[in-house]
Amino acid sequence: MRPAEYAPDTIIQAGEALQAAGRNVTGFALRQKVGGGNPNRLKQVWEEHLARSAVAEAEPVAELPVEVAEALAAVAKALTERLTALAVELNDKAVKAAERRVREIVKAAGEQRELAERELADAAQTVEDLEQQLDGIRGELMASRDQLAEMLAQRQSQAVELAQMRERVDAAEKAAKETARAATQREADLLGQQQQARQAEQAAREREATANGQLLAAMQQHEEDTQLSAELRRDLEKARKDAEDGRVHLQAAQARLDGAAREIEEARKQAREARDEAKQAAASAAERRGELKALQQEIARLKDGKTSPQPHKGRH
């Protein structure tokens, strides 16, 4: 609200000046006299001044007669007594109502206090239960961490063992390849020796046939030329010796051939054993990989199970 610009005394002095000049006191006349202001407010201040002046100038009221004064005093006394009794009654009712309200409030406060104490006890029990559950969860978490560390150690050990097994598998495969290559080379050498033995046998047979032919020719010439019998005997002996040498060479070649066949069979057996060992090592490596994969899945499951919030079990 905008504050007044002129004091009431100034407005009253302006109105009295207008009355002294014989002019009507209006809001606009007051505004013109004081030099501004709200005409309605100026008029209201002047009218309030006139009302106060009229009350002050009112004539005194005449005194009451004795009878009326006595009746009025009696009525006033009775009314006072009645008002006093009514006040006492009302005060009594108010006090009783207040006491009853206080008792209700005290009772309600007691019930609220008991309820609060029970709730506080329940809350304390709940907190204790939660602390016990938290301790249990912490223990489980520590056990899970230890188990996880142990699993990680086992995993590292299995990884090392798997690497070593892979190395053994690679070495076994390499040895199997080398054994197979050596067996192939040995078989080729034995085939060459067999071919040489067959060639030696063929040469021995040819020499034996030649010696037999020479023996027959010598026998035919024996009758014709007795002088050549000694030479023929020598030639025959030589032919027989050559044939015997051929048989010895043939037997030696056959023995070498049999030994080479045994060596080929042994090389093939070693190659088969090397292949079987490589297959077993590969199967064991696959089994280790499966176990390692299962262990990784178990570790991931344990991590997921321990990082997720634990369900709260209510207290019954």
Side-chain angles (χ1 to χ4, degrees), residues 1-134 311-316:
M1 183 177 180
R2 183 180 179 183
E5 297 179 357
Y6 301 97
D9 294 340
T10 303
I11 299 170
I12 292 171
Q13 290 176 2
E16 292 176 348
L18 289 173
Q19 283 183 343
R23 296 178 58 184
N24 294 326
V25 180
T26 62
F28 289 99
L30 291 171
R31 186 172 184 274
Q32 186 178 6
K33 188 67 177 177
V34 299
N38 188 349
N40 294 328
R41 179 180 177 276
L42 298 176
K43 180 66 175 174
Q44 180 180 2
V45 173
W46 174 252
E47 289 178 351
E48 290 176 354
H49 170 68
L50 292 178
R52 288 193 298 270
S53 298
V55 171
E57 294 176 355
E59 295 181 356
V61 179
E63 294 182 359
L64 292 174
V66 177
E67 294 82 0
V68 176
E70 291 178 354
L72 181 61
V75 172
K77 182 179 179 181
L79 183 60
T80 300
E81 292 176 354
R82 178 61 181 166
L83 289 176
T84 301
L86 183 60
V88 171
E89 183 180 358
L90 291 176
N91 181 66
D92 182 65
K93 290 182 178 180
V95 170
K96 290 180 179 179
E99 290 178 352
R100 185 173 61 254
R101 181 61 180 167
V102 168
R103 287 194 300 270
E104 292 176 355
I105 292 173
V106 171
K107 182 179 179 182
E111 293 176 353
Q112 291 292 332
R113 185 179 66 255
E114 292 177 357
L115 179 60
E117 289 176 354
R118 289 195 299 270
E119 290 179 352
L120 182 61
D122 292 340
Q125 184 64 35
T126 302
V127 170
E128 184 178 356
D129 294 340
L130 290 176
E131 289 178 352
Q132 292 178 358
Q133 292 179 5
L134 182 60
H312 176 67
K313 297 181 179 178
R315 180 175 177 265
H316 299 289

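Taking a 6.0 Å sphere around CG of Asn24, one finds it holds 12 or fewer heavy atoms contributed by other residues, nucleotides or ligands.
Considering CG of Asp92 and NZ of Lys96, their distance stands at 4.0 Å, rounded to 0.5 Å. Atom CG of Leu79 is separated from atom OG1 of Thr84 by 9.0 Å, given to the nearest 0.5 angstrom. Taking CZ of Arg31 as the reference point, atom CG of Asn40 lies at 11.0 Å (rounded to 0.5 Å). From Thr80, atom OG1 reaches atom CG of Leu86 across 12.5 Å, with rounding to the nearest 0.5 Å.
Glu48 is linked by a side chain to side chain contact (heavy atoms under 4.5 Å, CB included) to Gln44, Arg52, counting only residues two or more places apart in sequence or in another chain. Scored by the side chain to side chain contact (heavy atoms under 4.5 Å, CB included) test, Arg23 finds Leu18, Ala21, Ala29, Gln32 as partners (sequence neighbours excluded). Arg103 meets the side chain to side chain contact (heavy atoms under 4.5 Å, CB included) test with Glu99, Arg100; sequence neighbours excluded.
Under the 4.0 Å criterion applied to side-chain N and carboxylate O atoms, Glu104 and Lys107 are not assigned as salt-bridge partners.
The backbone N or O of Phe28 sits nowhere less than 3.5 Å from a side-chain atom of Lys43 that would complete a donor-acceptor pair.
Contact detail for Tyr6 and Ile11: the closest heavy-atom pair is O-CD1, 4.1 Å. Shown here for Leu30 and Trp46, the closest heavy-atom pair between the two residues is CD1-CB, 3.9 Å.
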